[in-house]
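In what follows, a single structure is set out as structure tokens and then discussed.
Keep in mind that the numbers below use all heavy atoms, side chains included, and drop hydrogens, waters and symmetry copies. Computed from a predicted structure; not experimentally measured.
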Amino acid sequence: MTPVTEADALDGVRDALGLLKDREQVAARLLDASAKHSFDPDEELDWDAPFEEGKWFWPPELVSLYGTPMWQRMSQEQRILLSRHEAAALASLGIWFEIILMQLLVRHIYDKAATSAHVRYALTEIEDECRHSKMFARLISRGDTPYYPVSRLHHNLGRLFKTISTTPGSFTATLLGEEVLDWMQRLTFPDERVQPLIRGVTRIHVVEESRHVRYAREELRRQMVTAPRWSQEFTRVSSGEFARVFSLAFINPDVYANVGLDRGEALAQVRASAHRREIMQTGAKRLTDFLDDIGVLRGAGRRLWRASGLLA
Ligand SMILES: [Fe+2]
Ligand SMILES: [Fe+2]
């Protein structure tokens with residue numbers, strides 16, 4: 001073991017103080033941005049406007065079966081109906097993530113002073129997520145689509161995770177939940193082929209989520225420097241496991257049966273689709289580049305990420 005000199009110890013204290021100052025500055029800027037750009041979806045969006053004939057509920061290229069032999073055989077109406085159900089499945093997945101995230105944030109701030117900007121921002125983010133989950137629920141009902149919960153197993157894995165996860169593990173999972181969906185939503189809100197209500201929902205979500213991504217990234221970057229070595233290693237392996245669960249839970253296979261398709265055949269075609277693999281990897285690329293940069297994608301963790309299909 002290397003001996004710790006007084007100078008080393010002082011350096012350590014200076015680094016820790018620097019990180020805390022940085023944390024407060026980031027949070028103060030995010031609080032400012034939240035005060036300027038926050039939306040009440042109930043007021044902001046026209047929930048009563050009828051859906052427009054022939055418009056998509058999700059950009060076709062982002063629908064799971066796009067480009068497969070099954071897709072070629074489907075009528076345009078059936079494709080649009082599938083996009084409607086997949087939008088509901090993604091909104092349901094979003095609610096699941098956000099409810100997990102709210103609990104993680106509450107646990108993250110439990111031991112910290114509520115007067116700090118870092119804690120006040122976490123509380124602001126919880127407010128955002130409350131509005132988002134209600135917005136997604138309203139969208140599912142408005143679309144006359146079912147709520148699509150994740151499987152029992154994933155539901156219970158989520159219960160365990162949100163109860164026991166470490167701080168860096170929590171922020172890695174947060175980013176996984178936020179960044180891939182965010183990438184898709186950034187393609188959705190400007191797309192004129194898509195229903196105006198879906199465009200409005202995704203626009204609000206993109207604006208507010210960019211702050212969440214910033215908060216989680218900055219905290220995770222600090223954590224990968226300051227957390228104990230076992231915790232950093234645990235983050236690498238557990239994030240690979242989330243990536244695996246995430247890619248499986250991404251689309252609920254009940255959507256296929258609900259639009260009159262064979263569930264098993266549809267799933268097999270999605271798994272074999274090179275287009276789909278590329279979409280998921282491109283959607284995760286900004287995140288995987290970042291995780292690679294801060295040292296999360298190493299060793300066994302990296303192999304799990306590859307196996308999940310999200311990392312090329
Ligand atoms: Fe959200
Ligand atoms: Fe978020």
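A donor-acceptor pair under 3.5 Å is formed between the side chain of Thr288 and the backbone N or O of Lys285. Here the side chain of Glu129 pairs no donor or acceptor atom with the backbone of Glu98 at under 3.5 angstrom. In this structure a side-chain-to-backbone donor-acceptor pair under 3.5 Å is present from Ser141 to Ala137. Side chain of Gln195 to main chain of Glu52: a donor-acceptor pair is present (N/O by atom type, distance under 3.5 Å, no hydrogens or angles). Side chain of Thr145 to backbone of Ala88: no donor-acceptor contact under 3.5 angstrom is found. Formation of a donor-acceptor pair under 3.5 Å by the Ser165 side chain with backbone atoms of Lys162 is not found in this model.
For the pair Arg211 and Asp128, the salt-bridge criterion is met [side-chain N within less than 4.0 Å of a carboxylate O]. In summary, Arg131 and Glu208 engage in a salt bridge, as defined by a charged side-chain N under 4.0 Å from a carboxylate O. Between Arg73 and Glu265 there is a salt bridge, since a side-chain N of the basic residue sits under 4.0 Å from a carboxylate O of the acidic one. Using a 4.0 Å cut-off between charged side-chain N and carboxylate O, Lys134 and Asp42 make no salt bridge. With respect to the salt-bridge test (charged N to carboxylate O, under 4.0 angstrom), the residues Arg263 and Asp254 qualify.
Neither side chain, His275 nor Glu61, offers a donor N or O lying under 3.5 Å from an acceptor on the other.
For the pair Trp47 and Met135, the tightest heavy-atom approach, listed with the atom from each and the gap, is CH2-O, 3.6 Å. Scanning all heavy atoms of the two residues, the minimum distance from Gln78 to Val259 falls at NE2-O, 3.0 Å.
Summarising the local packing, CD of Glu192 is surrounded by 12 or fewer heavy atoms from other residues, nucleotides or ligands at distances under 6.0 Å.
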Residues Trp56, Asp191; criterion side-chain contact (heavy atoms from CB on, under 4.5 Å); working and verdict
CA-CA 10 Å; Trp56 295 86; Asp191 192 330; over 6 Å; no
Could you walk me through whether Arg29 and Glu218 pass the salt bridge (Lys or Arg N to Asp or Glu O under 4.0 Å) check?
CA-CA 12 Å; Arg29 276 199 295 272; Glu218 298 288 332; over 6 Å; no
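Ring geometry, Phe97 versus Phe246: the interplanar angle falls under 30°, so the pair is classed parallel (tilted spans 30 to 60°). Using a 30° and 60° split on the angle between ring planes, His108 and His118 fall in the perpendicular class, above 60°.
Residue pairs meeting the salt bridge (Lys or Arg N to Asp or Glu O under 4.0 Å) criterion with at least one partner in residues 235-253, sequence neighbours excluded, are Glu233-Arg236, Glu241-Arg244. Annotation: salt bridge (Lys or Arg N to Asp or Glu O under 4.0 Å) contacts involving residues 301-312, sequence neighbours excluded, comprise Asp292-Arg302.
When the side chain to side chain donor-acceptor pair (under 3.5 Å) test is applied to Arg229, no partner is found at least two apart in sequence or on another chain.
Partner of Tyr256 under the side-chain contact (heavy atoms from CB on, under 4.5 Å) criterion, chosen from Met70, Glu86, His85: Glu86. The residue from Leu104, Asn156, Val245 that alone fulfils the side-chain contact (heavy atoms from CB on, under 4.5 Å) condition with Phe161 is Leu104. The only member of Phe171, Phe234, Trp305 that meets side-chain contact (heavy atoms from CB on, under 4.5 Å) when paired with Ser239 is Trp305.
With ring centers used as reference points, Phe189 lies 6.0 Å or more from His205.
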